[in-house]
Amino acid sequence: MISLFLEFKAQATSILKDAIQEIGLEIEDSELYFETSSHADLASRTAFKLASLYKQNPKELATRIVSAIKIPDSSYVGEVSASGPYINFHASRHYLNRTVAAVLEEKEKFGCGAPKNKILLEHTSANPNGPLHVGHIRNSIIGDTLARILRRAGYDVEVQYYVNDMGRQIAVVSWACERFELDLSKKSDSAIANVYIKANAELDKNPDYVKEIDAIMEKVETGDVSTIDSFDKAVSLAISGIKETLLRLNVAHDSFVNESSFLKSGAVHNVVEKVKATGRTKTDKGALVVDLSDYGFEKTLVIQRSNGTSLYTTRDLAYHEWKAGQADRIIDVLGADHKLISGQLKATLNAIGVKEPEIVIFEFVSLPEGSMSTRRGQFISADELFDRVTESALEQVDARRPETSYEFKKQVAEMVGIGAVRYDIVRVSPEKSTVFNWKEALDFEKQGAPYIQYSHARACSILEKAKEEVAWESSTEIEPSFLVEDTEIDLIKKMAMFDNIIDIGARELKPHVLAIYARELADAFNQFYRFVPVIAAEDEKVRAARLALVDCARIVLANSLDTLGIAAPESM
RNA sequence: GGGCUCGUGGCUUAGCCAGGAUAUAGCGCUGGGCUUCUAACCCAGACGCCGGGGGUUCAAAUCCCUUCGGGCCCGCCA
């Protein structure tokens, strides 16, 4: 709740506005054009804007503004200077001291924002027709990291998995379970995938079977008990396996919501009636379609089949109508294949006066041989990735820490392996499509999660040693003003930036900014570690201050890792 | 065919929406650093017509047009 960089920026804003007013000019807050830069802690390009507004020279304006600047006592802003047309703000000693104190005071709460309203976030929601594959977990990791960022930003976040327990693909699964034997010696989701793949091959060979699927679909829609039971059985087998995978990935959902519940409750029927009431619907070859041409969609949207059954879209409309009543903001994390349909969904919701969701789209992960498909059995399961990556991590731990127990190595390998997977996926912007590559996935040499985790472990190790050698205690009173080395100041400034990163991530729904930040924070800590002796510091007060700084780094690294959903080992 | 999106050193990638100070970082490569708090580390160096071509602007990786290449979508599937 203690703002540092955000407060620094707020103070810089007010100081700059006053100075601009002082020289008789005026500008909007949004035209102060602040940016972080290597030249200053915060730089403003506003002189460019003022120059064009008032037809004056930007350099001269910057100089005049700077000379009119008045910095209040105990401000986070220390010094302001003009560099050509740029106005550079430098943080004060007070800001640095306050940062150290804030981290020590707030500990795991450091970086948290003030309490905000409720968000309902849906992610993963993969069809229960097989295990999660490496494409699905991009959804899970983006979604889970966003949820963690939003929580730290202060939102009350509920995370849901929308279970498709009655679509056509589940009818195929159910049909497949009758026809083929489930191999339950395997993980249940994998067993489901096997019969699902076989069934699809059968359906491709013999199109007559399609009628059987249609019949099953009609039965479930009319509430046939044995058909519903058969669906439920298949779905729960798949979902229990998926839950296991998500648990290992450190991804948690607050609730699993069944699609069928909206049919049973009559919500699907009601939402169709609401859409009809807008006068946008018509019948096209027996099917009920919605005209969304005024929203820019050329083609109509089908919301009811000619046989009267509902579609995924129809049930999704009902789901979103329900969600809109549960929270202030609705966020869905969806694959790029949903771009069009989610636009149509939003338009339809808008037409019936229901709050629209914010959609976060991520692009596909494909294989070198082409796109992944559960139906064709062409995918790499998340389980296989986790197994191989943790196995590879185990070899690393074994090589680096041969003296430790097998239990320890196994634990570290799990933290490092899963962390590496999460980091590798979250560090890339969601809008980039990627090709899965085993060599890269198993590479621990690059600066990824293990690098950040190692920095955390290193901080822990220094503090452990300090307890033994100099009887250090975390409660020791310290004087942060002794932290004057470049690497110390850089590290403090980087820690102070945490609230800003959480704010940006939450505002723009971009989890990758946090991934980059965590790596930069680790960089700053490692540089400090390399250049500045801590335990060996000669002056006792300097040593105490540096130990406190190590403790701060440990806390902010741990908080960053926690927000990324990555374990923070104390030793590795 | 139409729509959306991505294209930044050999490879991966930040910055683009809100245009401005030498274009970010990693891997790989070259060279250096462990009798000192964990070397999964640190330091230095080479490598870029920011896909191509036009335009707008005092200023373009960023905005506009066009073109090429990759991905996704255009189902009474989800």
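Chain identifiers are assigned alphabetically (A, B, ...) following the order of the sequence lines, protein sequences preceding nucleic acid strands; residue numbering begins at 1 within each chain.
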Chemist: Let me see the working for A:R375 and A:D204 under salt bridge (Lys or Arg N to Asp or Glu O under 4.0 Å), right down to the final yes or no.
Modeler: CA-CA 11 Å; A:R375 194 175 65 81; A:D204 288 345; 3.5 Å; yes
Chemist: Write down the distance separating the C1' atoms in B:U24 and B:C47, rounded off to the nearest Å.
Modeler: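 Going atom to atom, C1' in each nucleotide, I get 15 Å.
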Chemist: Indicate, with a heavy-atom threshold strictly under 4.0 Å, whether A:R546 touches base, sugar-phosphate, or nothing.
Modeler: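 Contact class for A:R546: none.
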Chemist: Ignoring hydrogens and geometry beyond distance, is a side-chain donor-acceptor pair present between A:Q304 and A:T309 at under 3.5 Å?
Modeler: no
Chemist: Using the P atom as the reference point in each nucleotide, state the distance between B:G53 and B:C58 in Å, no decimals.
Modeler: 23 Å
Chemist: As a test of reading the structure: which of B:U22, B:C72, B:C77 is closest to the side chain of A:S38, going by heavy atoms?
Modeler: B:U22
Chemist: Take atom NZ of A:K285 and atom P of B:G75, then tell me their distance rounded to the nearest Å.
Modeler: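 About 11 Å, once rounded to whole Å.
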Chemist: Choosing from B:C76, B:A78, B:G71, which nucleotide comes nearest the side chain of A:E259?
Modeler: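 Selected nucleotide (nearest to the side chain): B:A78.
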Chemist: For the P atoms, the ones on B:U56 and on B:G15, what distance do you get once it is rounded to whole angstrom?
Modeler: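 B:U56 and B:G15 have their P atoms separated by 29 Å.
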Chemist: Looking at NZ of A:K59 and OG of A:S83, how far apart are the two atoms once the value is rounded to the nearest 0.5 Å?
Modeler: 9.5 Å
Chemist: Return yes if a side-chain donor-acceptor contact under 3.5 Å exists between A:H123 and A:D332, otherwise no.
Modeler: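 No, no side-chain donor-acceptor pair sits under 3.5 Å.
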Chemist: Roughly how many Å is it from CG in A:L301 to P in B:C74, rounded to a whole number?
Modeler: 12 Å
Chemist: Kindly confirm or rule out a cation-pi arrangement of A:R45 over A:Y86, judged by NZ or CZ under 6.0 Å from the six-membered ring centre and within 45° of its axis?
Modeler: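 No, cation not above the ring by the 6.0 Å, 45° rule.
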Chemist: Could you measure between the two P atoms, the one in B:A46 and the one in B:G52, and give it in whole Å?
Modeler: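 About 23 Å, rounded to a whole number of Å.
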Chemist: Using the P atoms only, state how far B:U66 lies from B:G1, rounded to an integer number of Å.
Modeler: 16 Å
Chemist: Can you tell me, in whole Å, how much space there is between the P of B:U67 and that of B:C27?
Modeler: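 One P to the other, the span is 40 Å.
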Chemist: Less than 4.0 Å between a side-chain N and a carboxylate O, is that true for A:R280 and A:D294?
Modeler: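 Here A:D294 pairs with A:R280 in a salt bridge, since their nearest N and O are under 4.0 Å apart.
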Chemist: Considering Watson-Crick and G-U wobble pairs with both distances under 3.5 Å, what does B:A14 pair with?
Modeler: none
Chemist: Rounded to whole Å, please give me the gap between CZ in A:R315 and C1' in B:C77.
Modeler: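 My rounded result for the distance is 10 Å.
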Chemist: Would you indicate which nucleotide in B:A78, B:A25, B:C72 comes nearest to any side-chain atom of A:R519?
Modeler: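 My answer, after comparing the listed nucleotides, is B:A25.
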Chemist: Round to the nearest Å and state the distance from A:Y423 atom OH to B:G26 atom P.
Modeler: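 One finds 11 Å between P of B:G26 and OH of A:Y423, rounded.
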Chemist: May I ask you to evaluate whether A:R168 reaches the phosphate of B:G75, defined as a side-chain N or O under 4.0 Å from OP1 or OP2?
Modeler: no
Chemist: Is the ring pair A:Y529/A:F525 parallel, tilted or perpendicular, if the boundaries are 30 and 60 degrees?
Modeler: tilted
Chemist: Categorize A:A336 for me: base, sugar-phosphate, or nothing, with a 4.0 angstrom heavy-atom threshold over every strand shown.
Modeler: sugar-phosphate
Chemist: Check this for me, if you would: do A:E363 and A:K339 make a salt bridge, where the nitrogen-to-carboxylate-oxygen distance has to be below 4.0 angstrom?
Modeler: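 Looking at A:K339 together with A:E363, the answer is yes, because their closest N to O distance falls below 4.0 Å.
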Chemist: Sticking with atom P, work out how far B:C4 lies from B:C11, rounded to a whole angstrom.
Modeler: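 Approximately 29 Å lies between the P atom of B:C4 and that of B:C11.
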Chemist: Both A:L340 and A:S52 contact RNA chain B. Taking the nearest nucleotide for each, which residue is further toward the 5' end?
Modeler: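 Closer to the 5' end of RNA chain B: A:S52.
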Chemist: Going by an N to O cut-off under 4.0 Å, is there a salt bridge joining A:D398 and A:R401?
Modeler: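 Looking at A:R401 together with A:D398, the answer is no, because their closest N to O distance does not fall below 4.0 Å.
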Chemist: Under 3.5 Å, is there a donor on one side chain and an acceptor on the other for A:N258 and A:S260?
Modeler: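 No, A:S260 and A:N258 have no side-chain donor paired with an acceptor closer than 3.5 Å.
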Chemist: Between B:C77 atom P and A:N200 atom CG, what is the distance in whole Å?
Modeler: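 Atom CG in A:N200 sits about 14 Å away from atom P in B:C77.
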Chemist: Polar atom pairs between nucleotides 18-21 of chain B and protein, under 3.5 Å, N or O only, would you list them?
Modeler:
| unit_1 | atom_1 | unit_2 | atom_2 | d |
| --- | --- | --- | --- | --- |
| B:A18 | N6 | A:E508 | OE2 | 3.1 |
| B:G20 | O3' | A:Y86 | OH | 3.2 |
| B:G20 | O2' | A:Y86 | OH | 2.3 |
| B:A21 | O4' | A:Y86 | OH | 3.3 |
| B:A21 | N6 | A:S37 | OG | 3.4 |
| B:A21 | N6 | A:N88 | OD1 | 2.9 |
| B:A21 | N1 | A:N88 | OD1 | 3.3 |
| B:A21 | N1 | A:N88 | ND2 | 3.2 |

Chemist: What's the CD1-P distance between A:I213 and B:G75, to the nearest Å?
Modeler: 22 Å
Chemist: Could you tell me the Watson-Crick or G-U partner of B:C72, where both distances fall under 3.5 Å? Say none if there is no partner.
Modeler: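 In the structure as shown, B:C72 has B:G3 as its Watson-Crick or wobble partner.
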Chemist: Would you tabulate the pairs of protein nitrogen or oxygen atoms and nucleotide nitrogen or oxygen atoms of nucleotides 9-15 of chain B closer than 3.5 angstrom?
Modeler:
| unit_1 | atom_1 | unit_2 | atom_2 | d |
| --- | --- | --- | --- | --- |
| B:U12 | O2' | A:R427 | NH2 | 3.0 |
| B:A14 | OP1 | A:S429 | N | 3.1 |
| B:A14 | OP1 | A:S429 | OG | 2.3 |
| B:A14 | OP2 | A:K432 | NZ | 2.9 |
| B:G15 | OP1 | A:H512 | NE2 | 3.3 |

Chemist: Nearest 0.5 Å, please: how far is CD in A:Q378 from CD in A:E369?
Modeler: 5.5 Å
Chemist: A:Y517 has an atom OH; how far is it from atom C1' of B:A25, in whole Å?
Modeler: 16 Å
Chemist: Sugar-phosphate atoms are those with a prime plus P, OP1 and OP2; base atoms are the rest. Using that split, label each nucleotide of nucleotides 34-45 of chain B B, S or - for protein heavy atoms under 4.0 Å, 5' to 3'.
Modeler: ---BBSBBSS--
Chemist: Work out how far the P atom of B:C6 is from that of B:C17, and round it to whole angstrom.
Modeler: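 Per the computed distance, 12 Å lies between those P atoms.
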Chemist: Quick check on the 6.0 Å ring-centre criterion: do A:Y162 and A:Y319 meet it?
Modeler: yes
Chemist: When the distance from CG of A:L288 to C1' of B:C76 is rounded to whole Å, what number comes out?
Modeler: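 Between C1' of B:C76 and CG of A:L288: 11 Å.
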Chemist: Find the partner of B:G48: check Watson-Crick (N1-N3 plus N6-O4 or O6-N4) and G-U wobble (N1-O2, O6-N3) distances, both under 3.5 Å, and reply none if neither fits.
Modeler: none
Chemist: Would A:S140 and A:T124 count as having a side-chain donor-acceptor pair, cut-off 3.5 Å?
Modeler: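 Side-chain D/A pair, A:S140 to A:T124: present.
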Chemist: Output yes when A:K467 and A:E464 qualify as a salt bridge under the 4.0 Å nitrogen-oxygen rule, no when they do not.
Modeler: yes
Chemist: Ignoring the backbone of A:E363, work out which of B:C74, B:C27, B:U5 is nearest its side chain.
Modeler: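 The nucleotide sitting nearest to the side chain is B:U5.
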